[in-house]
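Fair warning: this is a prediction, and the values are worked out from it, not measured in the lab. Numbers for residues simply follow the sequence, beginning at 1.
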Amino acid sequence: MDLRSLRYFVAVAEERHFGRAAARLHMTQPPLSRAIRQLETDLGALLLHRSPTGVTLTTAGAALYDEARALLEQAERVRARVAAAAGAATLTIGTLADSAEQAGARLAAAFRRRHPAVQVRVREADFTDPTTGLRAGLVDVALTREPFDDTGITTRLLRSDPMGVVLRADDPLARREMLRLSDLADRPWFRLPDGTDPVWRAYWNATTPGGELRDGPVVRTVHECLQAVLWNGTVGLAPAAHALPEGLTSVPLADMPPSRLVLAWNSADANPLIRSFTHIATAVYRSASREPARP
């Protein structure tokens, strides 16, 4: 056994599905399946009952899950203690698309003033992972958007943004002051790939988790979404204040829940740098919200 194979197993055990676990780990399903098979061979025990709808833990799998979680948590504590002893404290921040842009420079400056010796790494994720690598252990804290499955994750709201529908500037609906979802019923909508968090996937498709998705092209990035709108008239969604490239415009969407910009971190992670970053980011965004909008 190694920590990577245990991390893979924990992801499958928690997602109860190889496809969702692979998406969470930012890998394809075949190597994940092979890794779990190899782990079962190494341990000489069947860990998962597999079925077309997903997986369930065997008795041996349930026992390994508890031990694996404890081992991974201990490994993180060891890593943090070694880094602290070496004087090489680091904080890895996950971001999603535009989530860090508006307050990015101010937030970076405020954090550097408080923690000048901390090395900060930034990892940008695409639309397939709203936790930006948090569940996979790739980042310490995420600057992202809800809604997503927040099991085991703590979030703090930074800002709530009204949503708009992204259209070509020459689209007849672009002249409207406000739109409703019913106005877009006959349009193709962008969709996120299979295996993406179902709560998150449903939000960006303006449907409900587990319900039938609106048909349209599958996209993974903001750029792919905007290009689908530009070239094919696909309906895209974005925070109403989001800057758009030439040829595109946004119309407020009356019956779409707002997009909540949040900080997210693993609830069991006691890293004091996460708490400090959370306090600093909250103060920076609160200050930014009081400033008058630029003309």
Side-chain angles (χ1 to χ4, degrees), residues 17 19-20 22-24 26-29 94-102 123-133 142-149 160-261:
H17 192 277
R20 290 194 295 269
R24 165 174 158 178
H26 287 274
M27 62 189 300
T28 57
Q29 186 170 330
T95 66
L96 183 74
D98 70 327
S99 59
E101 289 179 4
Q102 293 189 25
R123 178 183 187 273
E124 183 173 344
D126 61 27
F127 266 162
T128 63
D129 181 15
T131 75
T132 72
L143 190 55
T144 185
R145 291 187 177 275
E146 290 181 323
F148 53 84
D149 177 9
S160 188
D161 296 323
M163 292 298 289
V165 56
V166 180
L167 301 168
R168 281 201 305 250
D170 61 357
D171 191 304
L173 292 180
R175 296 191 292 269
R176 302 270 289 272
E177 293 186 1
M178 183 78 69
L179 289 170
R180 305 187 71 85
L181 292 174
S182 58
D183 297 321
L184 305 163
D186 61 341
R187 300 295 185 95
W189 284 65
F190 79 76
R191 294 181 297 129
L192 301 183
D194 292 342
T196 303
D197 181 318
V199 178
W200 172 255
R201 192 184 191 205
Y203 177 83
W204 291 103
N205 194 250
T207 52
T208 56
E212 185 177 355
L213 293 173
R214 302 170 191 265
D215 193 29
V218 175
V219 303
R220 303 177 68 91
T221 68
V222 172
H223 181 71
E224 288 179 1
C225 170
L226 297 179
Q227 291 302 309
V229 177
L230 189 62
W231 287 91
N232 301 312
T234 303
V235 170
L237 297 177
H242 185 78
L244 295 171
E246 183 180 357
L248 297 178
T249 189
S250 177
V251 179
L253 201 50
D255 48 353
M256 186 72 188
S259 173
R260 291 163 51 92
L261 181 69

Under 3.5 Å, side chain of D255 to main-chain N/O of R180, donor-acceptor pair present? no
Heavy-atom pair of closest approach, residues P162 and S160: CD-O, 3.9 Å
Begin with the C-alpha distance, continue with both residues' side-chain angles, and end with the deciding distance and a verdict on side chain to side chain contact (heavy atoms under 4.5 Å, CB included) for R214 and T207. CA-CA 7 Å; R214 302 170 191 265; T207 52; 3.9 Å; yes
Would you say Y203's side chain and T208's backbone share a donor-acceptor pair under 3.5 angstrom? no
With a 3.5 Å distance limit and no angle check, can you tell me whether R260 reaches the backbone of R145 through a side-chain donor-acceptor pair? no
State, without any angle test, whether N232 and T234 hold a side-chain donor-acceptor pair at a distance under 3.5 Å. no
Applying side chain to side chain contact (heavy atoms under 4.5 Å, CB included), run through L237 and W189 and close with a yes or a no. CA-CA 9 Å; L237 297 177; W189 284 65; 3.8 Å; yes
Spatial distance of atom CG (D129) from atom CG (L96) [nearest 0.5 Å]: 8.5 Å
My understanding is that only one of V219, V166, N205 makes a side-chain contact (heavy atoms from CB on, under 4.5 Å) with F190; could you say which? V219
Identified side-chain contact (heavy atoms from CB on, under 4.5 Å) partner of L167 from the options L173, L244, L248: L173
Q227 side chain to H223 main-chain N or O, any donor-acceptor pair under 3.5 Å? no
Distance, nearest 0.5 Å, that separates CE of M163 from CG of L179: 13.0 Å
Going from CZ on R191 to SG on C225, what distance comes out if it is rounded to the nearest 0.5 angstrom? 13.5 Å
Is the shortest side-chain N to carboxylate O distance from D183 to R176 below 4.0 Å? yes
Classify the side-chain pair R201/T196 by whether it contains a donor and acceptor separated by less than 3.5 Å. no
To the nearest 0.5 Å, tell me how far L184 CG sits from L253 CG. 6.5 Å
Do L226 and P245 touch side chain to side chain, with heavy atoms closer than 4.5 Å? yes
Between P209 and A202, which heavy-atom pair has the shortest distance, and what is it? N-CB, 3.5 Å
Can a donor-acceptor pair be found, under 3.5 Å and without considering hydrogens, that links the side chain of R220 to the backbone of P193? no
Donor-acceptor under 3.5 Å (R168 side chain, L230 main chain): yes
Any donor-acceptor pair under 3.5 Å linking the side chain of D161 with the backbone of P239? no
Any side-chain heavy atom of T95 sitting closer than 4.5 Å to one from T132? no
Give me the atom names and distance for the closest heavy-atom approach of A174 to A169. CB-O, 3.8 Å
When you compare the side chain of E224 with that of D126, does any pair of heavy atoms fall below 4.5 Å? no
Shortest non-hydrogen separation from G216 to P188 and the atoms involved: CA-CB, 4.3 Å
Plane angle bin for W200 and F127 - parallel if under 30°, tilted between 30 and 60°, otherwise perpendicular: perpendicular
Walk me through whether R187 and D171 qualify under salt bridge (charged side-chain N to carboxylate O under 4.0 Å, His left out). CA-CA 12 Å; R187 300 295 185 95; D171 191 304; 2.7 Å; yes
